[in-house]
**Student:** 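Structure below; questions to follow.
The structure presented is a predicted model; accordingly, all values stated were derived computationally and were not measured. Residue indices begin at 1 and follow the sequence shown. When reading the values below, keep in mind they use all heavy atoms of this one structure, side chains included, and skip hydrogens, waters and symmetry mates.
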Amino acid sequence: QVELVESGGDSVQVGGSLRLSCKASGEPVNWRCIGWFRRSPSAKEREGVGSINFLFGNTYYADSVKGRFTVSRDRDKNTMYLQMTSLKSEDSAMYYCAAGRWSGGRCLEKPSDASYWGRGTQVTVSS
């Protein structure tokens with residue numbers, strides 16, 4: 001069984017920065033692809049933010065966050081990070097860590113690609 005535990009959510013001002021963490025446990029092959037989705041109160045579905053192949057380090061980003069967000073990992077700590085900079089009010093959402101096996105290609109393009117989910121951590125960006 002895979003467990004994902006997020007931390008780091010907070011309230012920040014527009015233009016600020018924040019770093020989220022997701023610690024994974026369980027058989028590593030089951031969380032080879034690990035990443036972040038978010039859902040704002042008005043959204044119908046979760047939106048992909050960014051992901052990483054935990055073994056090879058390849059990263060993928062949604063267009064809306066490219067150049068502002070960075071996904072990284074610490075292999076010794078089994079932890080993935082989401083460094084968020086230049087935050088905008090539209091970045092406000094519940095952020096979920098998600099993971100699944102790697103079947104080749106891009107990791108976690110859509111929510112259905114994930115087999116495991118964390119409980120989420122809230123990010124609020126205000127002016």
**Student:** Among all residues two or more places apart in sequence or in another chain, which pass the side-chain hydrogen bond (donor to acceptor under 3.5 Å, both in side chains) test with Arg19?
**Tutor:**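 Per chain and number, Arg19 pairs via side-chain hydrogen bond (donor to acceptor under 3.5 Å, both in side chains) with no residue.
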**Student:** Where is the tightest heavy-atom contact between Ala62 and Gly48, given as atom of each residue plus distance?
**Tutor:**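 Nearest heavy atoms, Ala62 then Gly48: CB-O, 3.2 Å.
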**Student:** For Ser40, what residues pass the side chain to side chain contact (heavy atoms under 4.5 Å, CB included) criterion, not counting sequence neighbours?
**Tutor:**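 Ser40: side chain to side chain contact (heavy atoms under 4.5 Å, CB included) contacts with Ser42, Ala43, Ala93.
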**Student:** Determine the minimum heavy-atom distance between Tyr60 and Asn58, stating which atoms define it.
**Tutor:**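 Heavy atoms of Tyr60 and Asn58 come nearest at OH-CB, 3.5 Å.
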**Student:** Using the rule that Ile, Leu, Val, Met, Phe, Trp and Tyr join whenever any side-chain heavy atoms are under 4.5 Å apart, tell me whether Leu55 and Trp102 fall into a single cluster.
**Tutor:**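 Yes; tracing contacts between hydrophobic side chains, which count when under 4.5 Å, links both residues.
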**Student:** Looking at every heavy atom in both Arg101 and Val29, which two are closest together, and how far apart are they?
**Tutor:**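 Reported closest heavy-atom pair: CG-O, 3.4 Å.
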**Student:** State whether the side chain of Glu27 and the backbone N or O of Val2 hold a donor-acceptor pair below 3.5 Å, judged by distance alone.
**Tutor:**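 Not a single qualifying donor-acceptor pair exists.
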**Student:** Among pairs that include at least one residue of residues 36-87, which meet disulfide (SG to SG under 2.5 Å), considering only residues two or more places apart or in two chains?
**Tutor:**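 Counting only pairs at least two positions apart or across chains, no disulfide (SG to SG under 2.5 Å) contact touches residues 36-87.
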**Student:** List the steps, then state whether side chain to side chain contact (heavy atoms under 4.5 Å, CB included) holds for Ile34 with Leu4.
**Tutor:** CA-CA 10 Å; Ile34 188 167; Leu4 305 172; 4.1 Å; yes
**Student:** Enter the distance from Lys110:NZ to Arg46:CZ here, rounded to the nearest 0.5 Å.
**Tutor:**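 It comes to 15.5 Å.
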**Student:** Could you tell me which residues satisfy side chain to side chain contact (heavy atoms under 4.5 Å, CB included) with Val125, sequence neighbours excluded, listed by chain and number?
**Tutor:**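 Once residues adjacent in sequence are excluded, the partners of Val125 under the side chain to side chain contact (heavy atoms under 4.5 Å, CB included) criterion are Val12, Val14, Leu87, Asp91, Ser92, Val123.
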**Student:** According to the side-chain hydrogen bond (donor to acceptor under 3.5 Å, both in side chains) rule, which pairs have a member within residues 73-84, sequence neighbours left out?
**Tutor:**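 For residues 73-84: none.
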**Student:** With sequence neighbours left out, what residues match Lys88 under salt bridge (charged side-chain N to carboxylate O under 4.0 Å, His left out)?
**Tutor:**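 With sequence neighbours excluded, Lys88 shows a salt bridge (charged side-chain N to carboxylate O under 4.0 Å, His left out) to no residue whatsoever.
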**Student:** For residues 105-127, which residue pairs qualify under ring pair (Phe, Tyr, Trp, His ring centres under 6.0 Å), counting only residues two or more places apart or in two chains?
**Tutor:**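 Checked against ring pair (Phe, Tyr, Trp, His ring centres under 6.0 Å) - neighbours excluded - the pairs reaching residues 105-127 are Phe37-Trp117.
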**Student:** Hey, would you say the Trp36 and Phe69 ring centroids sit under 6.0 Å apart?
**Tutor:**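 Centroid distance Trp36-Phe69: not below 6.0 Å, so no.
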**Student:** Compare every heavy atom of Ser17 with every heavy atom of Ser86, then report the nearest pair and how far apart it is.
**Tutor:**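 Looking at all heavy atoms of both residues, the closest pair is N-OG, 4.4 Å.
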**Student:** Would you say the side-chain atoms of Tyr61 pair up with the backbone N or O of Ser51, donor to acceptor, closer than 3.5 Å?
**Tutor:**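 Here the side-chain-to-backbone pair does not exist.
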**Student:** I'd like to know whether Gln122 forms a side chain to side chain contact (heavy atoms under 4.5 Å, CB included) with Met94, so could you lay out the CA-CA distance, the side-chain angles of the two residues, the decisive distance to 0.1 Å, and finally the verdict.
**Tutor:** CA-CA 4 Å; Gln122 179 68 40; Met94 183 70 80; 3.6 Å; yes
**Student:** Is there any disulfide (SG to SG under 2.5 Å) pair reaching into residues 94-127, and which pairs are they, with sequence neighbours excluded?
**Tutor:**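 Every disulfide (SG to SG under 2.5 Å) pair that includes a residue of residues 94-127, provided the two are not neighbours, is Cys22-Cys97, Cys33-Cys107.
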**Student:** Are more than 12 heavy atoms from other residues, nucleotides or ligands located less than 6.0 Å from atom CD of Glu90?
**Tutor:**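 Count over threshold, so yes.
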**Student:** Does Glu47 have any salt bridge (charged side-chain N to carboxylate O under 4.0 Å, His left out) partners at least two apart in sequence or in another chain, and if so, which?
**Tutor:**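 Applying salt bridge (charged side-chain N to carboxylate O under 4.0 Å, His left out) to Glu47 gives Arg38.
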**Student:** Measuring only between side-chain heavy atoms, which start at C-beta, is Leu82 closer than 4.5 Å to Met84?
**Tutor:**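 Result yes, sub-4.5 Å side-chain heavy-atom pair found.
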**Student:** Side chain of Thr121, backbone of Gly9: donor and acceptor closer than 3.5 Å?
**Tutor:**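 Answer holds: yes.
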**Student:** Could you pull out the closest heavy-atom pair between Arg119 and Glu6, with the gap in Å?
**Tutor:**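 Scanning both residues, the minimum pair turns out to be N-OE1, 3.0 Å.
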**Student:** Taking only residues two or more places apart in sequence or in another chain, which ones pass salt bridge (charged side-chain N to carboxylate O under 4.0 Å, His left out) with Lys66?
**Tutor:**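 Once residues adjacent in sequence are excluded, the partners of Lys66 under the salt bridge (charged side-chain N to carboxylate O under 4.0 Å, His left out) criterion are Asp63.
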**Student:** Is it the case that the ring center of Phe54 lies less than 6.0 angstrom away from the ring center of Trp31?
**Tutor:**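 Distance test on ring centres: under 6.0 Å, yes.
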**Student:** Find the distance between OG (Ser112) and CD (Glu45) and round it off to the nearest 0.5 Å.
**Tutor:**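 That separation rounds to 9.5 Å.
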**Student:** Provide the full list of ring pair (Phe, Tyr, Trp, His ring centres under 6.0 Å) pairs with a residue in residues 9-29, sequence neighbours left out, each pair given once.
**Tutor:**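 Output for this query is empty, none listed.
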**Student:** Do Leu108 and Val49 sit in the same hydrophobic cluster, where Ile, Leu, Val, Met, Phe, Trp and Tyr count as joined when their side-chain heavy atoms come under 4.5 Å apart?
**Tutor:**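 No, Leu108 does not connect to Val49 through the hydrophobic network.
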**Student:** By side-chain hydrogen bond (donor to acceptor under 3.5 Å, both in side chains), which residues pair with Arg106, not counting sequence neighbours?
**Tutor:**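 Arg106 satisfies side-chain hydrogen bond (donor to acceptor under 3.5 Å, both in side chains) with no other residue.
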